[in-house]
Amino acid sequence: MEIKISLKPSRHWMDEVAEQFGVKADSPTEFFHTEGNSCIKLNAMIFEREVSVLLGELCWNKPLNTLKESLSTNDYWTLTFVQSEDAHTHYLLDNKTRQKTQTQKSTVLHSSKMTVDTHWPVGKRSRFVAICFHRKWLYEKLSINANVDHNYSPFVNLLSSEAGVYLQGVALFEQTISLDKLFEGSSSFTWKLLAQAQCYKLIADFIAQIGRSEAELQLNRINQSDLKQIEDIESRYFVVHKPLPNLEFLASEANMSLSKFKKCFKQVYGVPPYEYHLNQKLEVARNQLLQNKWTISEIASNLGYTSAANFDKAFKKKFMVSPTRMLKEI
């Protein structure tokens, strides 16, 4: 059985899927269907005009594949994370290439110019998160100038291409979100906010992983003594509620030159020291906002921000949503 799923969402998105099973969708954003011991459940969310998320959970006792057909443009990109109890298979096709991957856990990024045919394991549970976004939307959210910004060059080069990219193992996915939490309570508004924040973080972390691929290659060249020193500095001085000492001091504490300290730190943690500390603070800020126990000013002040505007700018750049909006919608 083959089910076609459109890359571009609409108010008929779930209806189009349901028709292929000969039934009607539960709502414009939900579809749940069973046949004997087989079941499939889809939950769609549109966070902004250019961002859609499809959460899927299925266990089908007959051969089943889902097909996302090419839109003949690479303006839209889909980042998909899949976890199955047995191996699933992705086929990525265009007019020049045919790529295949088969695994129980997969991360796939592909342009809308490619057709993606996913074959699901028979009689085994599979879960997936598919985040679709417009390339220009992502550039805008990350303040990327595709013509001159070299800091994001691996990712910018990727989005300028038309080929899919695989990352096997999806350690990124498992560290970033809990599947059980993401799929529970899907009818509550709070859950949608949490899912939105998690999906934005998945995009940001995926970009960071692509950008630091070279650093990861260099990681094996750090000797164990230097690695221990860096980890010790991180545990002693990188505290979210305290200012980070200047890098010259941290380098001296690690018995390294400044240039060596910065190089080793980035190789171990993927980003420079100040950016790493900032990310720590913003993670705490996001969690506190979702708890709805403190005002934005209180959170900013507790994390050492002297200006609410600076906090707002940093938060929005990382999570692609302002703290004010997140707090108001809880």
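Just so it is clear, the model here is predicted, and its values are computed rather than measured.
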Tell me the closest heavy-atom pair linking [X] and [Y], and the distance in Å.
X    : Y    : result
H241 : N302 : ND1-O, 3.4 Å
A251 : L258 : CB-CA, 3.8 Å
T29  : M14  : C-CG, 3.6 Å
F261 : P273 : CE2-CG, 4.0 Å
H88  : S106 : NE2-OG, 2.8 Å

Taking the six-membered ring where the residue is Trp, are the ring centres of [X] and [Y] under 6.0 Å apart?
X    : Y    : answer
F81  : F128 : no
Y76  : F133 : no
F238 : Y274 : no
H119 : Y91  : yes

### Message
Please evaluate residues E283 and R286 with respect to the criterion salt bridge (charged side-chain N to carboxylate O under 4.0 Å, His left out), reporting the C-alpha separation (whole Å), side-chain torsions for both, the decisive distance (0.1 Å), and the verdict.
### Response
CA-CA 5 Å; E283 287 291 344; R286 179 178 66 86; 3.3 Å; yes
For the backbone of [Y] and the side chain of [X], can you confirm whether one donor and one acceptor N or O come within less than 3.5 Å of each other?
X    : Y    : answer
S126 : S84  : no
Q20  : K4   : yes
E85  : R125 : yes
D232 : K228 : no
S38  : N61  : yes
T118 : H90  : no

#### Entry: Y305 six-ring centre to K281 NZ/CZ under 6.0 Å and within 45° of normal
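That pair qualifies as a cation-pi contact.
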Interatomic distance, [X] atom [atom1] to [Y] atom [atom2] [nearest 0.5 angstrom]:
X    : Y    : atom1 : atom2 : result
T115 : K113 : OG1   : NZ    : 11.5 Å
D117 : T66  : CG    : OG1   : 7.0 Å
K41  : C59  : NZ    : SG    : 14.5 Å
E234 : Q280 : CD    : CD    : 5.5 Å

